[in-house]
Peer 1: 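Handing you a structure now.
Positions are given from 1 along the sequence. These numbers were taken from a predicted model, which means no experiment stands behind them.
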Amino acid sequence: MRSSVLLLLIFLFFSPILSAKGAFVGTYGINYGRIADNIPSPDKVVLLLKQAKIRNVRIYDADHTVLQAFSGTGLDLVVGLPNGFLKEMSVNADHALTWVKDNVQSFLPATRIRGIAVGNEVLGGGDADLSGALLGAAKNVYTALKKMGLEGIVQITTAHSQAVFADSYPPSSCVFKENVVQYMKPLLEFFDQIGSPFCLNAYPFLAYTYNPTQIDINYALFKPTEGIYDPKTNLRYDNMLDAQIDAAYMALEDAGFKEMEVMITETGWASKGDSDEPAATPENARTYNYNLRKRLAKKKGTPLRPKKVLKAYIFALFNENSKPGKSSETHFGLFKPDGTISYDVGFNSLKSDASSFSSSKAASCYVASLVISISVYLLMI
């Protein structure tokens with residue numbers, strides 16, 4: 001009887017935390033990039049996310065300061081295994097085991113780590129050695145999770161850029177590039193076995209920037225437009241993002257993975273850019289992100305997969321002033337470094353009063369301590 005009560009208490013307390021792997025609550029998430037020297041501390045970022053009611057969050061590493069800040073908050077987190085670790089992890093299962101133990105297991109269940117993104121935009125990038133290491137790294141990380149009994153809680157994924165596709169217009173013509181298929185197909189077979197989605201970084205902003213004379217900007221911004229017609233599927237598209245997603249579905253179908261889900265792991269629009277990026281304006285960024293938020297709120301699929309509800313992580317939470325490359329790279333944030341909004345898409349600026357967050361986190365810690373105390377007492381009597 002004593003052990004039954006103990007197990008019930010533990011189950012009731014931790015069941016919201018130990019639910020299905022990769023659980024994505026709703027349809028809206030965000031990427032919390034930190035290549036900047038002026039953004040708020042992780043504790044303040046948590047407050048900002050909770051104020052905005054954004055629960056699904058991706059980071060590009062497994063920084064312990066961030067993981068600790070997310071402890072007891074109820075926010076769902078996907079951590080990243082950077083590309084620089086892949087070659088080592090692919091040939092050394094012990095290193096993968098240590099990494100998972102130090103950066104995932106040790107923070108569960110208080111920090112709700114729901115996934116590990118193994119690498120980012122590896123395939124199609126031109127590095128054959130890195131491409132060849134991706135599958136081995138993913139398998140070793142998954143094996144480590146399995147040894148710890150975490151494979152049902154933490155999902156393995158990797159995000160791809162549009163560079164993996166040979167052609168994506170119209171969507172029905174999309175296939176994977178020949179030099180990508182040799183790496184992609186075994187990876188998809190593994191992900192199909194473990195129930196992972198195909199993760200895509202899709203940017204209508206970039207497509208329009210590279211082809212401004214051939215693409216209607218209204219089509220890229222979810223604004224009223226004639227759109228495009230795909231004669232092979234007899235489907236019409238009124239926005240570019242849906243077309244990009246369905247192109248991915250067609251490539252997957254061509255490769256033999258028709259049932260695999262496509263999830264958007266990055267999409268956004270820059271609010272400022274260089275002289276050759278004239279579409280990078282605050283108004284266009286606001287329009288894209290506002291209309292995208294409305295699109296996701298409808299909880300619907302795409303023309304080709306209407307029953308597969310679209311889920312997306314927006315890029316990004318903050319402008320990141322230390323990112324290399326063109327000016328646009330530093331201006332994708334919904335928020336400025338001081339926590340104020342970059343433009344209005346329905347979120348509020350960070351409030352200076354963190355008392356509500358502190359009280360909420362303290363309450364969570366108190367309940368956790370209470371459950372542990374009761375459990376210890378039950379074991380002793």
Peer 1: Between Val141, Thr111, Ile113, which is the residue that forms a side chain to side chain contact (heavy atoms under 4.5 Å, CB included) with Val104?
Peer 2: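 That would be Ile113; it is the only one of Val141, Thr111, Ile113 passing the side chain to side chain contact (heavy atoms under 4.5 Å, CB included) with Val104.
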Peer 1: Determine whether the side chains of Asn120 and Asn83 contain a donor N or O and an acceptor N or O closer than 3.5 Å.
Peer 2: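 No.
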Peer 1: May I ask you to establish whether Arg58 and Tyr313 are in a cation-pi arrangement, using a distance under 6.0 Å from NZ or CZ to the six-membered ring centre and at most 45° from the ring axis?
Peer 2: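 Yes, a cation-pi geometry holds between Arg58 and Tyr313.
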Peer 1: Please check if the side chain of Thr27 supplies one atom and the backbone of Leu296 the other of a donor-acceptor pair under 3.5 Å.
Peer 2: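 Here the side-chain-to-backbone pair exists.
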Peer 1: Which residues pass the side chain to side chain donor-acceptor pair (under 3.5 Å) test with Tyr290, sequence neighbours left out?
Peer 2: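 Scan of Tyr290 (side chain to side chain donor-acceptor pair (under 3.5 Å), adjacent residues dropped) gives none.
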Peer 1: Could you note down all residue pairs passing salt bridge (charged side-chain N to carboxylate O under 4.0 Å, His left out) where residues 92-106 supplies at least one of them, sequence neighbours left out?
Peer 2: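 Residue pairs with at least one partner in residues 92-106: there are none.
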Peer 1: Under 4.5 Å between any side-chain heavy atoms of Leu77 and Arg112, yes or no?
Peer 2: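 No, every pair of side-chain atoms sits at 4.5 Å or beyond.
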Peer 1: Taking atom types as modelled, find out whether Tyr288 and Thr267 have a side-chain donor-acceptor pair closer than 3.5 angstrom.
Peer 2: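 There is such a pair (donor and acceptor under 3.5 Å, judged by atom type) between the side chains of Tyr288 and Thr267.
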Peer 1: Would a 4.5 Å heavy-atom cut-off, applied to side chains only, mark Asn321 and Asp37 as touching?
Peer 2: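 Side chain of Asn321 against side chain of Asp37, heavy atoms only: contact under 4.5 Å found.
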Peer 1: Does Lys146 pair with Glu151 as a salt bridge, N-O distance under 4.0 Å?
Peer 2: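 Between Glu151 and Lys146 there is no salt bridge, as every charged N stays at least 4.0 Å from the carboxylate O atoms.
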Peer 1: With sequence neighbours excluded, tell me which residues meet ring-ring contact (aromatic ring centres under 6.0 Å, His included) with His160.
Peer 2: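 Applying ring-ring contact (aromatic ring centres under 6.0 Å, His included) to His160 gives Phe198.
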Peer 1: Quick one: ring pair (Phe, Tyr, Trp, His ring centres under 6.0 Å) pairs with a partner in residues 34-55, sequence neighbours left out?
Peer 2: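 Those involving residues 34-55 do not exist here.
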Peer 1: With heavy-atom distances below 4.5 Å as the criterion, would you say the side chains of Asn31 and Leu317 are in contact?
Peer 2: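 Result no, sub-4.5 Å side-chain heavy-atom pair not found.
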Peer 1: Check whether any side-chain heavy atom of Asn234 lies under 4.5 Å from a side-chain heavy atom of Tyr229, and answer yes or no.
Peer 2: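 Yes, their side chains come closer than 4.5 Å.
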Peer 1: Report yes or no: is the cationic atom of Arg293 (NZ for Lys, CZ for Arg) closer than 6.0 Å to the six-membered ring centre of Phe347, at no more than 45° off its axis?
Peer 2: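 That pair qualifies as a cation-pi contact.
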Peer 1: Can a donor-acceptor pair be found between the side chains of Ser41 and Asp43 at a distance below 3.5 Å?
Peer 2: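 Asp43 and Ser41 do not have a side-chain donor-acceptor pair below 3.5 Å.
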Peer 1: To the nearest 0.5 Å, what is the distance between CD1 (Ile156) and CG (Leu145)?
Peer 2: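 These two atoms lie 4.5 Å from each other.
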Peer 1: In this structure, would Leu252 and Val309 fall into the same cluster of hydrophobic residues linked by side-chain contacts under 4.5 Å?
Peer 2: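 In one cluster with Leu252: Val309, no.
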Peer 1: Under the side-chain hydrogen bond (donor to acceptor under 3.5 Å, both in side chains) rule, what pairs show up with a residue in residues 218-228, not counting sequence neighbours?
Peer 2: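 Qualifying pairs: Asp216-Thr225.
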Peer 1: I'd like to know if Phe222 and Ile228 are part of one continuous hydrophobic network [Ile/Leu/Val/Met/Phe/Trp/Tyr, side-chain heavy atoms within less than 4.5 Å].
Peer 2: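 Yes; Phe222 is reachable from Ile228 via cluster members.
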Peer 1: Kindly state whether the ring of His95 and the ring of Phe85 have centres lying under 6.0 angstrom apart.
Peer 2: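 Here the rings of Phe85 and His95 have centres that are no less than 6.0 Å from each other.
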Peer 1: Is there a donor-acceptor pair closer than 3.5 Å between any side-chain N or O of Asp167 and the backbone N or O of Ser173?
Peer 2: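 No; zero donor-acceptor contacts below 3.5 Å.
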Peer 1: Does Lys50 reach the main-chain N or O of Thr73 with its side chain, forming a donor-acceptor pair under 3.5 Å?
Peer 2: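 Judged by distance alone, yes, a pair lies under 3.5 Å.
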Peer 1: Excluding sequence neighbours, so at least two apart, what forms ring-ring contact (aromatic ring centres under 6.0 Å, His included) with Phe191?
Peer 2: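 So Phe191 forms no ring-ring contact (aromatic ring centres under 6.0 Å, His included) with any residue.
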Peer 1: Is the shortest side-chain N to carboxylate O distance from Arg305 to Glu253 below 4.0 Å?
Peer 2: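 Counted as a salt bridge, because a side-chain N and a carboxylate O are separated by less than 4.0 Å.
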Peer 1: List the residues meeting side chain to side chain donor-acceptor pair (under 3.5 Å) with Thr265, not counting sequence neighbours, and say none if there are none.
Peer 2: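 Per chain and number, Thr265 pairs via side chain to side chain donor-acceptor pair (under 3.5 Å) with Asn201.
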Peer 1: Return yes if a side-chain donor-acceptor contact under 3.5 Å exists between Glu320 and Thr330, otherwise no.
Peer 2: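 Absent: no donor and acceptor within the cut-off.
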Peer 1: Are the side chains of Lys147 and Leu97 in touch, meaning some heavy atoms are under 4.5 Å apart?
Peer 2: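 Yes, at least one pair of side-chain atoms sits under 4.5 Å.
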Peer 1: Tell me the side-chain hydrogen bond (donor to acceptor under 3.5 Å, both in side chains) pairs involving residues 238-252, sequence neighbours left out?
Peer 2: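 Residue pairs with at least one partner in residues 238-252: Tyr237-Asp246, Asn239-Asp242, Asp242-Arg295, Asp246-Thr302.
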Peer 1: Would one find more than 12 heavy atoms of other residues, nucleotides or ligands at under 6.0 Å from atom NZ of Lys336?
Peer 2: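 Incorrect, the count does not exceed 12.
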Peer 1: With sequence neighbours excluded, what pairs up with Asp230 under the side chain to side chain donor-acceptor pair (under 3.5 Å) test?
Peer 2: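 Partners of Asp230 under the side chain to side chain donor-acceptor pair (under 3.5 Å) test: Ser172.
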Peer 1: With the side chain counted from C-beta on, respond yes when Pro82 and Tyr60 share a heavy-atom pair under 4.5 Å apart, and no when they do not.
Peer 2: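 Pro82 vs Tyr60: side chains apart.
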Peer 1: Any heavy-atom pair between the side chains of Thr157 and Pro197 that's under 4.5 Å?
Peer 2: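 With C-beta onward as the side chain, the pair touches.
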Peer 1: Give a yes or no on whether the backbone of Trp99 and the side-chain of Asn103 come within a donor-acceptor separation of less than 3.5 Å.
Peer 2: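 Indeed, once roles are kept as given, a pair shorter than 3.5 Å links the two residues.
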Peer 1: Do Trp269 side-chain atoms and Pro204 backbone N/O form a donor-acceptor pair below 3.5 Å?
Peer 2: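 Looks like no, no N/O pair under 3.5 Å.
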Peer 1: Going by the salt bridge (charged side-chain N to carboxylate O under 4.0 Å, His left out) test, which pairs reach into residues 117-139, not counting sequence neighbours?
Peer 2: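 Every pair satisfying salt bridge (charged side-chain N to carboxylate O under 4.0 Å, His left out) with a residue in residues 117-139: there are none.
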Peer 1: Between Ile245 and Ile264, is any pair of side-chain heavy atoms under 4.5 Å apart?
Peer 2: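 Yes; the side chains approach each other to less than 4.5 Å.
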Peer 1: Would you find a donor on one side and an acceptor on the other, under 3.5 Å apart, between the side chain of Asn289 and the backbone of Ala285?
Peer 2: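 Present.
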Peer 1: Donor-acceptor check, side chain of Lys308 to backbone of Lys300, threshold 3.5 angstrom: yes or no?
Peer 2: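 Not confirmed, Lys308 side chain does not pair with Lys300 backbone.
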Peer 1: Checking Asp192 now: which residues fulfil salt bridge (charged side-chain N to carboxylate O under 4.0 Å, His left out) with it, not counting sequence neighbours?
Peer 2: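 Per chain and number, Asp192 pairs via salt bridge (charged side-chain N to carboxylate O under 4.0 Å, His left out) with no residue.
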Peer 1: Hey, what's the ring geometry for Phe318 with Tyr32, parallel, tilted or perpendicular (30° and 60° as the breaks)?
Peer 2: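 The rings of Phe318 and Tyr32 stand perpendicular, inter-plane angle above 60°.
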Peer 1: Is it true that a side-chain atom of Asp63 and a backbone atom of Thr65 form a donor plus acceptor pair closer than 3.5 Å?
Peer 2: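 Confirmed, Asp63 side chain pairs with Thr65 backbone.
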Peer 1: Which distance, rounded to the nearest 0.5 Å, do you find between the CG of Leu49 and the CZ of Arg55?
Peer 2: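 Spacing of CG (Leu49) from CZ (Arg55) equals 12.5 Å.
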Peer 1: How would you list, by chain and number, every residue that makes a side chain to side chain donor-acceptor pair (under 3.5 Å) with Asp61, sequence neighbours excluded?
Peer 2: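 So Asp61 forms a side chain to side chain donor-acceptor pair (under 3.5 Å) with Arg34.
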Peer 1: Does the Glu277 side chain pair with the main chain of Asp274, one donor and one acceptor, at a distance under 3.5 Å?
Peer 2: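 Looks like yes, one N/O pair under 3.5 Å.
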